[in-house]
Amino acid sequence: MKEQILQALKTNQIETYLINEAEVESVELFFVKKELDMSRMKKVTHYVVNVFRDFEKDGTKMRGSATAKIYPSMSYEEVDDTLKDAYYAASFANNLYYPLPKGEKEDKICTQTSLASYSLEECIRKLTDALFKYDTQEETFINSSEVFVEKRTIHILNSEGIDVSYEKYCAKGEFVVQCRVPQDVETYHEFYYENLECEALALKVKGALETTALRAQAKDNPRTGKYKVILSDIHIATLLDYYTFKSASSMVYPKYSNFKVEDCVQGEDVKGDKLNIILKATDPYSGEGIKMVDRVLLQDGVLKTIHGACKFAHYLGIEPTGSYGTVKVAEGTHTLEEMKQGTYLEVLSFSDFQIDPFTGDFGGEMRLALYHEGDKVTPLTGGSISGNIQEVQHNLMLSKECQVRKGYEGPVSICLEDIMVAGE
């Protein structure tokens with residue numbers, strides 16, 4: 001298929017292009033409770049072709065682009081027609097000219113992870129054992145789950161000489177925990193690992209079983225007021241996404257963001273933990289074929305990098321870094337035990353927790369929170385929290401204890417002061 005794509009590009013005189021080929025092998029298991037409901041193995045190949053068309057508009061050099069998806073089942077005529085249509089569509093995209101990255105053919109990079117040390121079938125058996133390790137109760141249990149182990153072989157080539165490829169493994173899935181007493185509730189959970197993290201998965205399930213049992217006990221709403229609030233797990237990652245989003249070249253160039261390198265983006269008078277964030281290269285190349293390396297995003301709250309793909313980097317006159325999907329945040333100065341002192345609200349799950357990356361406003365409806373008042377702990381449900389990261393960033397507290405999850409490595413919890421809670 002790749003040869004047909006290249007031939008069609010040549011036939012249609014499409015001189016500038018980027019091809020992403022992804023071969024995906026996976027083993028997939030679907031469970032109802034502990035019974036295997038369905039198993040599936042697949043091996044598929046996806047092709048995404050970006051075509052570029054240069055032209056002038058009012059004396060200014062422009063470069064339009066369009067994307068085409070090519071499927072292995074297509075005939076050559078279908079491939080030719082699809083690319084021809086995409087090239088025509090590119091003439092309507094009025095972007096200022098920007099170059100594609102240049103490179104050369106490189107040897108394939110084989111990822112050295114523990115998932116690569118076993119067959120996909122062996123990996124999924126180990127993960128399944130871990131998934132059900134702590135599922136031993138009658139009233140609180142996993143009522144359904146899906147487990148996938150996947151190997152991707154990525155090949156990237158463009159018209160400027162880039163021809164690179166690499167392998168990537170991952171284990172991912174989801175599960176629903178149900179508790180039937182004193183009320184029937186369900187909670188949804190996801191997992192994603194790039195190594196064979198069996199014990200981490202087992203502990204995640206154990207925690208999910210415990211929090212779902214607490215959710216079944218929760219019936220009261222919190223009282224309206226301002227609280228010391230502790231957020232954990234994926235919610236801390238969502239909150240800190242603000243800095244990655246605002247420092248992207250695609251946000252800075254159109255002036256959606258006023259972030260500048262060497263700005264104190266955490267504020268001038270930081271009394272809490274200063275943020276140290278690294279953009280982590282989890283793949284050897286970006287989707288454009290740019291070599292990815294770890295880069296410092298924030299150092300003690302000071303912005304060090306504007307990051308992004310070729311187009312907006314060229315417009316800003318900076319080095320294109322490629323697009324990052326993972327950050328690593330330095331540990332904080334307090335243990336969880338030290339953080340959890342006094343009276344506070346610990347939010348364990350939301351119906352949905354979001355942050356507006358343009359304004360910094362964040363909030364969400366609480367599905368389960370624990371109100372700690374001395375030795376007394378009260379499970380609560382309902383109500384919502386709201387705030388603005390620009391108002392709390394100067395006095396936040398990060399835990400020393402850390403976690404690893406998809407897109408995030410860093411403290412497991414964050415403590416925020418004077419957060420508004422709407423309840424009864």
Side-chain angles (χ1 to χ4, degrees), residues 131 134-135 137 139-146 172-193 200-224 227-241 336 339-340 344-356 361-373 377-387 389 392 396 398-399 401-408 410-416 419-424:
L131 181 71
Y134 293 109
D135 185 13
Q137 305 172 46
E139 302 298 343
T140 307
F141 53 88
I142 298 174
N143 76 2
S144 58
S145 57
E146 301 176 4
K172 59 185 178 180
E174 57 190 48
F175 59 95
V176 176
V177 176
Q178 180 179 356
C179 182
R180 294 187 293 203
V181 292
Q183 57 180 319
D184 199 342
V185 300
E186 293 181 348
T187 60
Y188 171 83
H189 307 269
E190 297 177 333
F191 61 90
Y192 178 94
Y193 305 109
L201 176 58
L203 292 174
K204 182 179 183 68
V205 172
K206 183 180 179 182
L209 292 166
E210 293 170 351
T211 56
T212 306
L214 287 169
R215 171 64 186 86
Q217 298 173 30
K219 56 183 179 180
D220 296 327
N221 289 345
R223 292 187 179 276
T224 297
Y227 291 76
K228 170 185 171 180
V229 171
I230 294 177
L231 303 178
S232 300
D233 298 327
I234 193 172
H235 311 307
I236 180 174
T238 300
L239 194 68
L240 297 181
D241 272 348
L336 284 171
M339 187 182 290
K340 295 180 177 182
Y344 61 94
L345 190 68
E346 181 182 9
V347 186
L348 298 180
S349 65
F350 290 90
S351 296
D352 188 23
F353 180 73
Q354 296 182 359
I355 184 166
D356 184 333
D361 292 327
F362 62 84
E365 179 189 6
M366 295 178 287
R367 290 203 67 192
L368 174 63
L370 301 179
Y371 181 59
H372 296 257
E373 192 174 19
V377 180
T378 306
L380 301 171
T381 189
S384 62
I385 73 166
S386 60
I389 195 167
V392 300
L396 58 81
L398 300 171
S399 68
E401 293 84 351
C402 292
Q403 61 173 321
V404 177
R405 60 185 313 120
K406 185 179 182 180
Y408 175 82
V412 71
S413 295
I414 187 170
C415 180
L416 306 173
I419 298 300
M420 187 65 201
V421 174
E424 61 182 19

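- Under the 30°/60° scheme for interplanar angles, the aromatic rings of Tyr227 and Tyr371 are found to stand perpendicular.
- A side-chain donor-acceptor contact under 3.5 Å links Ser399 to the backbone of Ser413.
- Remark: Leu345 CG to Leu370 CG distance equals 8.0 Å, nearest 0.5 Å.
- When atom types are taken as modelled, the side chain of Lys172 and the backbone of Glu190 share no donor-acceptor pair closer than 3.5 angstrom.
- Looking at heavy atoms from C-beta onward, Leu231 lies in side-chain contact with Phe350 at the 4.5 angstrom threshold.
- With a 4.5 Å cut-off on side-chain heavy atoms, Tyr188 and Arg367 do not count as touching.
- The two residues Pro222 and Val421 come nearest to each other via the heavy atoms CG-CG1, 3.8 Å.
- In this structure, OG in Ser144 is found 9.0 Å from CD in Gln178, a value given to the nearest 0.5 Å.
- Of all the heavy atoms in Val377 and Pro379, the pair that sits closest is O-CD, 3.9 Å.
- Classified by interplanar angle (parallel below 30°, tilted 30° to 60°, perpendicular above 60°), the ring pair Phe175/Phe191 is tilted.
- Applying the salt bridge (charged side-chain N to carboxylate O under 4.0 Å, His left out) test to residues at least two apart or on different chains, none of the pairs has a partner in residues 206-219.
- Annotation for Leu336 and Glu401: closest pair N-OE1, 3.0 Å, computed over non-hydrogen atoms.
- Around the CD1 atom of Ile234, the shell of radius 6.0 Å holds no more than 12 heavy atoms that belong to other residues, nucleotides or ligands.
- Summarising the geometry, atom CD belonging to Glu365 is positioned 4.0 Å from atom OG belonging to Ser351; distances are rounded to the nearest 0.5 Å.
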> Should Gln137 and Asp135 be marked as a side-chain hydrogen bond (donor to acceptor under 3.5 Å, both in side chains) after you check the CA-CA gap, both sets of side-chain angles, and the distance that decides it?
Replying inline: CA-CA 6 Å; Gln137 305 172 46; Asp135 185 13; over 6 Å; no
>> Please determine whether side chain to side chain contact (heavy atoms under 4.5 Å, CB included) holds for the pair Asp241 and Tyr408, giving the CA-CA distance in whole Å, both sets of side-chain angles, and the decisive distance to 0.1 Å.
In response: CA-CA 9 Å; Asp241 272 348; Tyr408 175 82; over 6 Å; no
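- The distance from atom CD of Glu346 to atom NZ of Lys340, rounded to the nearest 0.5 Å, is 3.5 Å.
- The shortest side-chain heavy-atom distance between Phe362 and Asp356 does not fall under the 4.5 Å cut-off.
- In terms of heavy atoms, Cys179 sits closest to Val181 at SG-O, 3.2 Å.
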> Going through the distances and angles, do Asn143 and Glu186 end up as a side chain to side chain contact (heavy atoms under 4.5 Å, CB included)?
Replying inline: CA-CA 9 Å; Asn143 76 2; Glu186 293 181 348; 2.9 Å; yes
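- When atom types are taken as modelled, the side chain of Gln403 and the backbone of Asp233 share a donor-acceptor pair closer than 3.5 angstrom.
- A donor-acceptor pair is defined here as one N or O able to donate and one able to accept, closer than 3.5 Å; no such pair exists between the side chain of Thr140 and the backbone of Leu209.
- A distance-only check finds a donor-acceptor pair linking the side chain of Thr224 to the backbone of Gly423 [under 3.5 Å].
- Atom NZ of Lys406 is surrounded by 12 or fewer heavy atoms from other residues, nucleotides or ligands within 6.0 Å.
- Note that the SG atom of Cys415 and the CD1 atom of Ile236 stand 10.5 Å from one another [nearest 0.5 Å].
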> Going through the checks in order, is the side-chain hydrogen bond (donor to acceptor under 3.5 Å, both in side chains) test met by Asn221 and Glu424?
Replying inline: CA-CA 6 Å; Asn221 289 345; Glu424 61 182 19; 4.8 Å; no
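- Without hydrogens or angle criteria, Gln183 side chain to Ala218 main chain gives a donor-acceptor distance under 3.5 Å.
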> Are Val177 and His189 close enough, and set up right, to give a side chain to side chain contact (heavy atoms under 4.5 Å, CB included), and what steps lead you there?
Replying inline: CA-CA 8 Å; Val177 176; His189 307 269; 4.1 Å; yes
> Between Leu214 and Leu368, is a side chain to side chain contact (heavy atoms under 4.5 Å, CB included) present by the stated rule, with each step listed?
Replying inline: CA-CA 8 Å; Leu214 287 169; Leu368 174 63; 4.0 Å; yes
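- Counting only distance, with no hydrogens or angles, the side chain of Thr212 and the backbone of Thr187 share no donor-acceptor pair below 3.5 Å.
- With rounding to the nearest 0.5 Å, the separation of CG in Leu416 from CD1 in Ile230 is 9.0 Å.
- Summarising the geometry of Ile419 relative to Val392, their closest heavy-atom pair is CD1-CG1, 3.7 Å, with the distance given to 0.1 Å.
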